[in-house]
Amino acid sequence: MEKIIIYQVLPRLFGNMTQKLVENGSITENGCGKFADFTADRLKEIKELGATHIWYTGVIEHATQTNYEQYGIRKDHPAVVKGKAGSPYAIKDYYDIDPDLAEKVADRRKEFDALLKRSHKAGLKVIMDFVPNHVARQYYSDAKPKGVIDLGEEDVTEVAFSNQNNFYYLVNQGFEGRFDLYAGEDQPYTEMPCKVTGNDFFANTPGIYEWYETVKLNYGVDYKNGHFHDFRPMPNTWTKMADILLYWCKKGVDGFRCDMAEMVPVDFWGWVIPIIKQNYPDIIFIAETYDPSQYRRFIFDGKFDYLYDKVGLYDTLRGVMRNENACHNITPCWQSLDGIESNMLNFLENHDEQRIASDFFASDPEKGKPAMIISACINKGPAMVYFGQELGEPAMDKAGFSGVDGRTTIFDYWAVPSVQRWLNGKSTKNEKNLRAFYATLLNLCSSEKAISEGSFFDLTYANFNNPDYNTNKQYAFFRKHENECLLFVVNFENNDVKLKVNIPQHAFDVLGITPGKCDFTELLTGKKTKREISNNEPFAVDVKQNNGVILKFTIE
């Protein structure tokens, strides 16, 4: 069984090599990455990092302040576009490719097809965003296949809700956003009647902290009347979205990361995913989710393959790295999953979260090492890294709309300095060392069946009263497959530690380990030793600061 390792990357930023960047700069001033920047050699390096899948973020055409009217693409009013480049989640045409990413705009769909082929040839499966909950305020598809009726084209705008409408309407109310509606244009942005804003804001006065640049899609939930579910007859939006998913599957995409999946009724997912998988059985669906009480519904009723483990493991590991939480709180994270841990996608960074190396998070990428060992190896589920994470990107630059917030901007034309250095062959020593760590760790996820397929045993409970082990700062666990066993010990302290880990008799019984001398290989360094493992004496192990050890031994 393959352990999925996802490399998330924003093509707009990945290959942009512009050095002198201008805050709030245009595409002409700051440049833009292209699909062509993902050459065979670069894809090979991403594969060699340990990735099995690559998630190209921001592929579908979205609202932008760049004018592409000469290519038959309608211009967006800048008042309802976030940043010069625009949010990749304000979808403007579900059937088209973002023109920013093409060397020749007219050939943008062909260039994406070529990227798919290059990615597959490199051994990488391709994930793309599916944004089901909302679209850009000026959504219009000029690339829709023949016979497809556009979203909202047949809506009855005189009613607030109909399950055959694609949008929700504020009848007889115009759009009155609480921000500059001109944004440099001669005429203000207008919308009559006003559509409901994407984050379920049911008023015509969205402010800058709302998702004001988007409108909410209607899946048959009447929010104004107590969230009444009107799924008979089938809502029109359902069939339109199924057609969009099938369109991209036919293109050769291998999976979808479904944005804000919890804002769409689980009934829709339970209907559409089996339809897609009937035609494309190997397609994977990943849900961006934040409500643990709904996890099982989205897996068993919604038919999702994987869900974000943000509220549990990510938040806990972030707290440990920031000295706000204790390692022993990792235990209730996996316990709360109770059988669905293999359906959880683990990560430490993505486009929504702050960079580990930023001043807003841990200020030091080295502090991410022990957390990454846990995130990647604690269960069979997928693990994800965000481009630049493996280089220690701090994201402390002021790009424009996003401000300085410790995140790599998704709204602006910008570049990622650490990625630029890597692509130019000029990575610093620290960047090279960190990337080597990630490559070793992530490749172990594929090569070691104990990680991709094995059972799990947590050693925390046996070490609470251990004077030579700090359950606030250290975490230890076993993974085992057949006769191969891995002992993981990680250390979040800022100094090297000499630990003695208690291994209880229960672990020996459950894992089938016989006490005695074993040949150990430390998988992160390759160092070999012969050691005794016992249920009577603690297991001594040295662990460097902000790091971990993975000790492999064979059960005789």
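- Between Phe268 and Pro235, every side-chain heavy-atom pair lies at or beyond the 4.5 Å cut-off.
- Donor-acceptor pairing under 3.5 Å is lacking for the side chains of Gln138 and His77.
- Side-chain atoms of Trp414 and Asn30 include no donor-acceptor pair closer than 3.5 Å.
- Residues Tyr56 and Ile127 fail the side-chain proximity criterion, which asks for heavy atoms closer than 4.5 Å.
- The pair Glu213-Arg137 does not count as a salt bridge, with every side-chain nitrogen at least 4.0 angstrom from each carboxylate oxygen.
- In this structure, Phe179 has its ring center under 6.0 Å from that of Tyr212.
- With respect to the salt-bridge test (charged N to carboxylate O, under 4.0 angstrom), the residues Lys34 and Asp100 do not qualify.
- In this structure, Asp96 CG and His62 NE2 are separated by 11.5 Å, a value rounded to the nearest 0.5 Å.
- Looking at Gln173, its side chain never comes within 3.5 Å of a backbone N or O of Leu170 through a donor-acceptor pair.
- In this structure, a donor-acceptor pair under 3.5 Å is absent between the side chains of Tyr95 and Asp142.
- If you check the side chains of Arg257 and Tyr308, you find a donor sitting under 3.5 Å from an acceptor.
- Formation of a donor-acceptor pair under 3.5 Å by the Asp98 side chain with backbone atoms of Ile60 is not found in this model.
- A cation-pi arrangement, defined by a distance under 6.0 Å to the six-membered ring centre and an angle within 45 degrees of its axis, is present between Arg318 and Phe361.
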